[in-house]
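For the numbers below, each heavy atom of this structure counts, side chains included, while hydrogens, waters and symmetry mates do not. Chain naming here is simple, since letters A, B, ... match the order of the sequence lines and numbering starts at 1 in each.
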Amino acid sequence: MSIYDTLNVEQKKAVLQTEGPVLILAGAGSGKTRVLTHRVAYLIDECGVNPWNIMAITFTNKAAGEMRERVDKIVGFGSESIWVTTFHSTCVRILRRYADRLGYSNNFTIYDSDDSKSVLKNIVKQYNLETRDLKLRQIQNTISKCKDNLVTANSYTLSSGNDFQKQKIAKAYQEYQISLKKNNAMDFDDLIMNTVILFRENKDVLENYQERFKYIMVDEYQDTNNAQFELIRLLADRYKNLCVVGDDDQSIYRFRGANIRNILDFEKNYPDATVIKLEQNYRSTQNILDAANTVIKHNRSRKEKALWTDEGEGSKVRFCEFEQAPEEANFIADDISNKKRQGKLSYSETAVLYRTNAQSRLIEERFVMYGIPYNVVGGTNFYARREIKDLLAYLKTIDNGSDELAVRRIINIPKRGIGATTLNKIADYAGTHDMNFYDAIAHANEFITGKTVDKLHDFDLMIKAFRAKQKMMSLEELIHDVIDVTDFEEYLKSLEDDDENNGSQDNDRRQNVQELIGKVISYEEKADEPTLSGFLEDVALVADIDNVAEGDERVLLMTLHSAKGLEFEHVYLAGLEEGTFPSYMTINAEDSDPMAMEEERRLAYVGITRAKKELTISCAHRRMVRGSFESLAVSRFVDEIPERLLDRSGSSVMPSFLFEGGDTIEDDDDYDYDADAYMPSSRGNNTRRTFGNSSGYSGSSYTRADYADRSYGHKNFSSGSAYNSAANTSSRLGGFKSNANDRSSEKIDHVPGSSIYGPVGKPKATIGRKPAARTPVSKPFIAGAASSHKSAGKGSLNGISKGLQKPSSLDYKEGDRVSHIKYGEGVVKSIEDGARDYKVTVEFDDAGQKIMFAAFAKLKKL
DNA sequence: CTTCGCGTTATTTTT
DNA sequence: TAACGCGAAG
């Protein structure tokens, strides 16, 4: 029996059809990766194709990595010479060889969207291009869209005609490209477009690659944009052995230029294409598939198909409605923790999906309270974090002096007293003397006087020293040296003080730096010939999802977009409300752009089909949206699921009378922390049911007494919870909280209209412990790097263990003399209770006054 | 040059 | 809500 006998009829057909264009319409969970890998094996083993001639393209490194792994397993020999990569890295590889043909040097840098935004910002400012109805963001989007469609700056300019707005954008586009070239940089979109241009203008290069890639496979084809389509078309033009795999129902990247017509019109572009539909699903239960099928049926632009399984019905899709968003979050945490305790679920097989990243916050808070370990995928990309970008800018400057953006970023980090005026002078000089920004610094004495010259000179010397050292050092040593020489620690400290002051607590910065070092180390281990440029390139093309470690005993929180391609036994789809999902942007644009709603629906389809065994959908009728409260109706996508598939018994909607009267929630900024004062519990007998339709209110059977009763249920919760922080427990007894770490006690009673929502005004009332910091305590990238190396952050620092780590007291107090490893001895001036840790102010004998975190400062009492 | 504080404003998804 | 930009003051 051969490996191909394990495939079903359609899958087999897809594997055996090796010649000519092939379109595989692979529904969610239909085993497309299996098909692709088997197809590769078949080409090599049975058709005698040289692995060298095979290319498989995906969108994310993660997908590429998985494919690579599986191909390696199934292909005996030579699998390493198959190109299994992403679109972007494919293009980088090609451009590294031939960028000179486009007037770039081959060691060009890659700009992420932040980088390109700041380049654009300068241009927009310089030429006064921003107006009331033309914002930077819009300009950036338009330029990006142009590139997705292979419209160059010149052709856009020609097409702008008399349109004033277009002319402005055209000017920005032109100048932007000039800047990029001057900086020897390409943005993400350039990578694709420039490769296409390279191919179009250099027949020899194109032919070279056409000969090489005789068999091309493209995964997630529904997400290709026009430039990617053209890239593939060119490459496959000679042999036409192009196999694309995708699912039009999972096309969710239109906003990024993906063109669903690429997959819908494949047969038009390749009339002799073989089309194969994979509809048997090996992932989910029939109920889940039915829900997905009926929802997606509401779309018009799609190829008819329906998923089925022979795995059986499974349980119904649970739909739970809540009055307030925090209740919803609480329900999810409670439900997961119950099921976990009963052995019905494993964290690693559980995910919470939502439409927007902002929604993770409430859920994280609850997870911390319940002690549920989790990872948040997405949000701010690791490499977009300030301290990481700063360090990378140093490395970029050392690597490639023509990257003005990088130089500008670090020239005054840490503060060196080099300000805007000086930067402008440097830029002017560079401009008039036709040299790049960094090189102009060496001529500072020609256009600047006084102390600033010395400062610039020092900076220049420092960079040059790094460059010299780089030749003798490993990358790891280099980055350590940069951190030492620049006193980066001190800089981080100042950042963390800021973090505290403005309430944002993105302060795992030190850990992030450790993480970056870990990535440097693992890069050096895995790369054949590690170079600084190589590292920077690796780093430029990673997405957050790439670092998600599987099998971690953690619940994953992520957006629906990030979840594509993944599967979990238990999936919680949160925030199914009109305005949240579908997003209000889409609803507003419904008339002018009906396709947007279809895309939103596909997103719902993606979400539903992530679930293997159990799907729980939830919504809240009121939710805080950018600072104010909004009332929201149940999402149309819920209504599109047939009633027979739904189990609505978990709902818990508060009666509307609680919101009547003068006590408007909008006025109360403590609301979101205090919501658990009325938190219902699905445990025990306290669960109430809401009957009737999705409006939620009409069927409510609550009374005031019920409500009080539910608050009582709250107490049950705390004693039975796995989370046993003293602070947390005490908060629930009799409505008083008495938290050792809190400065005051506030009464919380359960009477509607008074302080259910907490006292008005500052200081913020906190129940139990303080809410989770905005930034999750542990990040996916930690797991990623930790698995590859022994780097810091490896520990089991999930939300809760960190929460409990906080010492209940310090062994020193105000007025005590303490010693610090770096600053020597001093006197404690004050101790303040910060969100995560104590903030200690110390007046050092030599170093002066410093504010530091207790856990980090490791002060010793004398 | 740097810091602070105020007013404004923008809100989706991200390779 | 939070991030940003701007102007004024140190």
Asker: For DNA chain B, whose closest nucleotide is more 5', that of A:Leu541 or that of A:Thr452?
Answerer: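 Its nucleotide being nearer the 5' end, the pick is A:Thr452.
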Asker: Contact class for A:Asn412 vs. all strands (heavy atom < 4.0 Å): base, sugar-phosphate, or nothing?
Answerer: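 A:Asn412: backbone/sugar contact only, no base atoms under 4.0 Å.
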Asker: Counting side-chain heavy atoms from C-beta on, which of B:dT14, B:dT12, C:dG5 comes nearest to A:Lys121?
Answerer: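 Per side-chain heavy atoms of A:Lys121, the pick is C:dG5.
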Asker: Of the nucleotides B:dT14, B:dT13, B:dT2, which one has an atom closest to the side chain of A:Arg256?
Answerer: B:dT14
Asker: So, is A:Ser583 close to the B:dT13 phosphate, meaning a side-chain N or O under 4.0 Å from OP1 or OP2?
Answerer: no
Asker: Any side-chain heavy atom of A:Lys564 within less than 4.5 Å of one from A:Tyr253?
Answerer: yes
Asker: May I ask you to check if A:Arg509 and A:Tyr491 form a cation-pi contact, with NZ or CZ under 6.0 angstrom from the six-membered ring centre and within 45° of the axis?
Answerer: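 A:Arg509 over A:Tyr491 ring: no.
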Asker: Would you mind reading off the distance between A:Asn357 atom CG and B:dT11 atom C1', rounded to a whole angstrom?
Answerer: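 Rounded to the whole Å, the gap is 13 Å.
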Asker: Around atom NZ of A:Lys455, are there more than 12 heavy atoms from other residues, nucleotides or ligands closer than 6.0 Å?
Answerer: yes
Asker: Test A:Asn299 against A:Tyr605 for side-chain hydrogen bond (donor to acceptor under 3.5 Å, both in side chains), laying out the working first.
Answerer: CA-CA 11 Å; A:Asn299 275 3; A:Tyr605 176 82; over 6 Å; no
Asker: Let's go through A:Thr580 and A:Arg355 carefully: what are the C-alpha distance in whole Å and the side-chain angles of both, what is the deciding distance for side-chain hydrogen bond (donor to acceptor under 3.5 Å, both in side chains) to 0.1 Å, and is it a yes or a no?
Answerer: CA-CA 7 Å; A:Thr580 312; A:Arg355 178 68 234 261; over 6 Å; no
Asker: Mind calculating the distance between CG (A:Asp112) and P (B:dT15) to the nearest angstrom?
Answerer: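 So the two atoms are 11 Å apart, to the nearest Å.
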Asker: So if I take every side-chain heavy atom of A:Thr421 and compare against C:dT1, B:dT13, B:dC1, which nucleotide ends up nearest?
Answerer: B:dC1
Asker: Roughly, in whole Å, what's the span from CZ in A:Phe188 to C1' in B:dT14?
Answerer: 9 Å
Asker: Students often get this wrong, so: under 4.0 angstrom with heavy atoms, is A:Arg137 touching a base, only sugar-phosphate, or nothing?
Answerer: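 Sugar-phosphate only.
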Asker: Mind checking whether A:Leu573 and A:Ile608 have side chains closer than 4.5 Å, heavy atoms only?
Answerer: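 A side-chain contact under 4.5 Å exists here.
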Asker: Counting the atoms with a prime plus P, OP1 and OP2 as sugar-phosphate, which does A:Thr422 contact under 4.0 Å by heavy atoms, base, sugar-phosphate, or nothing?
Answerer: sugar-phosphate
Asker: Looking at A:Ser562, does any N or O in its side chain come under 4.0 Å of the phosphate oxygens OP1/OP2 on B:dT14?
Answerer: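 Indeed, a polar side-chain atom of A:Ser562 lies that close.
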Asker: Starting at the 5' end of DNA chain B and moving along, which residue's nearest nucleotide shows up first, A:Arg626 or A:Gly417?
Answerer: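 Residue closer to the 5' terminus by nearest nucleotide: A:Gly417.
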Asker: In this structure, how many angstroms lie between the P atom of B:dT13 and the CD atom of A:Gln359, rounded?
Answerer: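 Taking CD of A:Gln359 and P of B:dT13, I get 9 Å after rounding.
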Asker: Using atom C1' of each nucleotide, how far apart are C:dG5 and B:dT12 to the nearest Å?
Answerer: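 Here C:dG5 and B:dT12 have their C1' atoms 24 Å from each other.
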Asker: For a quick check of understanding: with a heavy-atom distance under 4.0 Å over all strands, which category does A:Ile418 fall into, base, sugar-phosphate or nothing?
Answerer: sugar-phosphate
Asker: May I have the distance from A:Met558 (atom CE) to B:dT12 (atom P), rounded to whole angstrom?
Answerer: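 Going from CE in A:Met558 over to P in B:dT12 covers 21 Å.
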Asker: Taking CG from A:Leu603 and C1' from B:dT13, how many angstroms apart are they, rounded to a whole number?
Answerer: 7 Å
Asker: Nearest of B:dA10, C:dT1, B:dT13 to any side-chain atom of A:Thr559?
Answerer: B:dT13
Asker: Let me know the distance between CG of A:Asp593 and C1' of B:dT13, rounded to the nearest Å.
Answerer: 15 Å
Asker: Any idea which of C:dT1, B:dT12, B:dT15 is nearest the A:Met624 side chain?
Answerer: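 For the A:Met624 side chain, the nearest candidate turns out to be C:dT1.
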Asker: With a cut-off of under 6.0 Å to the ring centre and 45° to the axis, is A:Lys147 in cation-pi contact with A:Tyr173?
Answerer: no
Asker: To the side chain of A:Arg355, which of C:dT1, B:dT13, B:dT11 is closest?
Answerer: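 Side chain of A:Arg355 sits closest to B:dT13.
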Asker: Nearest to the A:Lys415 side chain among B:dT11, B:dT2, B:dT15, which nucleotide is it?
Answerer: B:dT2
Asker: Within the modelled atom types, does a donor on one side and an acceptor on the other bring the side chain of A:His88 and the base of B:dT15 under 3.5 Å apart?
Answerer: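 Answer is yes: a donor-acceptor pair is held.
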Asker: If you measure from the ring centre of A:Phe87 to the centre of the six-membered ring in the base of B:dT15, is it under 5.5 Å, with the planes under 30° apart?
Answerer: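 According to the criterion (under 5.5 Å, under 30°), no, A:Phe87 does not stack.
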Asker: If I pick the P atom on C:dC4 and the same atom on B:dT13, what distance separates them, to the nearest angstrom?
Answerer: 15 Å
Asker: Would you kindly give the CZ-to-C1' distance between A:Arg361 and B:dT12, to the nearest whole Å?
Answerer: 19 Å
